[in-house]
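For reference, the structure is listed below as structure tokens.
Note that these values count all heavy atoms, side chains included, but never hydrogens, waters or copies made by symmetry. It should be emphasised that the depicted structure is a prediction, and the values quoted were computed from it without experimental measurement.
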Amino acid sequence: MHRYEHGMMTGWGWLGMSVSMLLFAGLILVAGLLLHRTLTRGLDRRLAAVPAVPSPEQLVADRFARGEIEEEEYRRRLTALRTPG
């Protein structure tokens, strides 16, 4: 008959194995959370980087603000844009 006086069969061996299992599970959890955070941040940045398309009214207003068209032309174009048909 063999006597187990060292190795994993002693109390400290089981404690060490349990602690190492918990640390490994924690490491996997942290790695998964960091991966998720990285992927979702990258997506948010890509979506925010897409410029908004200005409306036709905004384009006319920008031209008026830059002095490319006079006020009369600005009002005429706005009326044309806002009139249906």
* Asked: With sequence neighbours excluded, what pairs up with Glu57 under the salt bridge (charged side-chain N to carboxylate O under 4.0 Å, His left out) test?
  -> Arg82
* **Arg63 atom CZ, over 12 foreign heavy atoms within 6.0 Å** => yes
* Nearest 0.5 Å please: distance from the OG1 atom of Thr38 over to the NE2 atom of His36. => 10.0 Å
N/O donor-acceptor pairs under 3.5 Å from side chains in residues 15-29, not counting sequence neighbours:
residue : atom : partner : partner atom : Å
Ser18   : OG   : Trp14   : O            : 2.9
Ser20   : OG   : Gly16   : O            : 3.1
Ser20   : OG   : Met17   : O            : 2.9

* With ILVMFWY side chains joined below 4.5 Å, transitively, what does Tyr74's cluster contain besides itself? -> Val60, Phe64, Ile69, Leu78, Leu81
* For Gln58, side-chain hydrogen bond (donor to acceptor under 3.5 Å, both in side chains) partners two or more places apart -> Asp62
* To do: For Glu72, check side-chain hydrogen bond (donor to acceptor under 3.5 Å, both in side chains) against everything at least two apart and list the hits.
  => none
